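Take a look at the structure set out below.
Remember, predicted model here, so these are calculated numbers, not experimental data.
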Amino acid sequence: MIYLSRIFDANLIPRRLVEDDKERDFSVEEFYQVMPHYLSSPQTHVFLILSADREVIGYLWHDLNILGGEAFINTLSIDKRYRNGGQVLKEIFDIFKGSFYKAGIKKVKILSSRARRFEQMGFKRAPQVYLELDLQE
């Protein structure tokens, strides 16, 4: 069993979990410098993921689009020792399904290079295509 605890101080997130997010486009230092700005927004929610014995095993950062009825997961980082073949992901999404539904959230979106893992959790490929323009080229 896992627990989620909403936080308002990014310094509570262990550095190893930020470092483990290989898909981030920013340094670990930039993360800790900028997160106070994000955490001051009522649309931004950051949760520590805790094991049954209350050890921090991950964190989840998502933003809400109330008008669109959507939640966008920016980062989901779970310590490799606790991933347990996706069981922790299933538990996280089971917890959020109920609370998102009550809040009027109809869709949860995530950008990931590991689409299969999220498809196993019930995510479907969206009709929109994610595109990017690299302004440094």
Side-chain angles (χ1 to χ4, degrees):
M1 173 167 232
I2 63 160
Y3 301 93
L4 300 176
S5 178
R6 187 171 177 194
I7 61 169
F8 297 92
D9 180 359
N11 292 309
L12 296 172
I13 301 169
R15 184 180 179 92
R16 66 182 161 70
L17 293 172
V18 180
E19 290 170 344
D20 193 43
D21 177 13
K22 303 301 183 218
E23 296 180 358
R24 65 183 153 74
D25 299 18
F26 45 83
S27 72
V28 174
E29 290 73 24
E30 289 171 321
F31 173 84
Y32 287 109
Q33 288 171 357
V34 173
M35 281 309 288
H37 167 75
Y38 283 106
L39 289 168
S40 68
S41 167
Q43 288 82 23
T44 299
H45 297 184
V46 177
F47 294 87
L48 292 180
I49 303 166
L50 307 170
S51 67
D53 61 351
R54 306 289 193 210
E55 178 185 354
V56 177
I57 63 170
Y59 79 99
L60 171 72
W61 164 20
H62 73 78
D63 290 304
L64 298 177
N65 172 354
I66 301 300
L67 287 175
E70 299 174 342
F72 182 82
I73 297 174
N74 293 300
T75 304
L76 176 55
S77 178
I78 301 169
D79 188 306
K80 291 175 188 170
R81 298 173 293 158
Y82 294 91
R83 292 182 186 161
N84 195 16
Q87 182 59 34
V88 169
L89 282 177
K90 182 181 177 339
E91 288 184 52
I92 291 167
F93 291 119
D94 285 347
I95 291 169
F96 274 109
K97 280 180 187 176
S99 60
F100 280 152
Y101 182 78
K102 288 177 191 172
I105 301 300
K106 300 173 194 113
K107 292 184 181 179
V108 177
K109 297 182 177 186
I110 189 166
L111 178 65
S112 176
S113 62
R114 297 181 218 129
R116 272 203 189 121
R117 173 62 70 196
F118 290 98
E119 287 172 336
Q120 292 170 345
M121 297 296 124
F123 282 75
K124 296 180 177 102
R125 298 205 182 225
Q128 299 90 2
V129 176
Y130 182 78
L131 303 168
E132 71 178 33
L133 172 63
D134 188 341
L135 299 175
Q136 298 176 21
E137 291 181 350

Item to complete: Kindly indicate whether the side chain of Arg125, heavy atoms from C-beta on, has any atom under 4.5 Å from the side chain of Glu119.
Response: yes
Worksheet, complete the sentence: Interatomic distance, NZ@Lys80 vs CZ@Arg16, rounded to 0.5 Å, equals 11.5 Å
Fill in: Same apolar cluster (I L V M F W Y, side chains within < 4.5 Å links), Val108/Trp61
no
Discussion item. Give me the atom names and distance for the closest heavy-atom approach of Ile13 to Tyr32.
Written reply: O-OH, 2.6 Å
Practice prompt. Evaluate the side-chain proximity of Leu4 to Ile49: yes if any heavy-atom separation is below 4.5 Å, no if none is.
Written response: yes
Item to complete: Search all heavy atoms of Met35 against all heavy atoms of Val46 and return the closest pair with its distance.
Response: CE-CG2, 3.8 Å
Worksheet entry | Between CG on residue Leu76 and CG on residue Leu60, distance to nearest 0.5 Å | 5.5 Å
Fill in: Common cluster, Val56/Tyr3, ILVMFWY with side-chain heavy-atom separation under 4.5 Å
yes
Worksheet item: Quick one: NZ on Lys97 to CD1 on Ile105, what's the gap to the nearest 0.5 Å?
Response: 15.5 Å
Worksheet item: With side chains defined as the heavy atoms from C-beta onward, is the minimum distance between Gln128 and Lys109 less than 4.5 Å?
Response: yes
Worksheet item: Can you get from Ile95 to Tyr82 by hopping between Ile, Leu, Val, Met, Phe, Trp and Tyr side chains that sit under 4.5 Å apart?
Response: yes
Worksheet item: Are Tyr59 and Phe93 connected in the hydrophobic side-chain network, where two residues link if heavy atoms are under 4.5 Å apart?
Response: no
Discussion item. Tell me whether Ser77 contacts the main-chain N or O of Leu17 through its side chain, where contact means a donor paired with an acceptor under 3.5 Å.
Written reply: yes
Worksheet entry | More than 12 heavy atoms from other groups under 6.0 Å of CZ on Arg6 | yes
Worksheet item: Out of curiosity, Ile78 CD1 to Ile2 CD1, how far, rounded to the nearest 0.5 Å?
Response: 7.0 Å
Practice prompt. Run the ring-centre check on His45 versus Phe96 and record whether the distance is less than 6.0 Å.
Written response: no
Discussion item. I want to check something: taking the side chain as every heavy atom from C-beta on, are Val88 and Arg83 in contact at a cut-off of under 4.5 Å?
Written reply: no
Worksheet item: Do the side chain of Glu23 and the main chain of Ser112 share a donor and acceptor less than 3.5 angstrom apart?
Response: no
Discussion item. Do Phe47 and Ile92 make a side-chain contact, defined as non-hydrogen atoms from C-beta onward lying under 4.5 Å apart?
Written reply: no
Discussion item. I'd like to check Asp20 versus Asp79 (side-chain heavy atoms, cut-off strictly below 4.5 Å). Are they in contact?
Written reply: no
Worksheet entry | same_hphob_cluster(Val34, Ile73) at 4.5 Å side-chain heavy-atom cutoff | no
Worksheet item: Is there a side-chain contact between Phe100 and Leu64 (heavy atoms, below 4.5 Å)?
Response: yes
Worksheet entry | Inter-residue atom distance Leu67.CG - Gln43.CD, 0.5 Å rounding | 9.5 Å
Worksheet item: Is any side-chain heavy atom of Phe31 closer than 4.5 Å to a side-chain heavy atom of Thr75?
Response: no
Response to the item:
So CZ of Phe72 and CD1 of Ile110: to nearest 0.5 Å the spacing works out to 7.5 Å
Discussion item. Taking NZ in Lys102 as the centre, count heavy atoms belonging to other residues, nucleotides or ligands within less than 6.0 Å. Is the count above 12?
Written reply: no
Worksheet item: Hey, mind stepping through Glu19 and Arg24 against salt bridge (charged side-chain N to carboxylate O under 4.0 Å, His left out) and telling me if it holds?
Response: CA-CA 9 Å; Glu19 290 170 344; Arg24 65 183 153 74; over 6 Å; no
Worksheet item: Do you know the tightest heavy-atom contact between Phe118 and Arg114?
Response: CD1-O, 3.4 Å
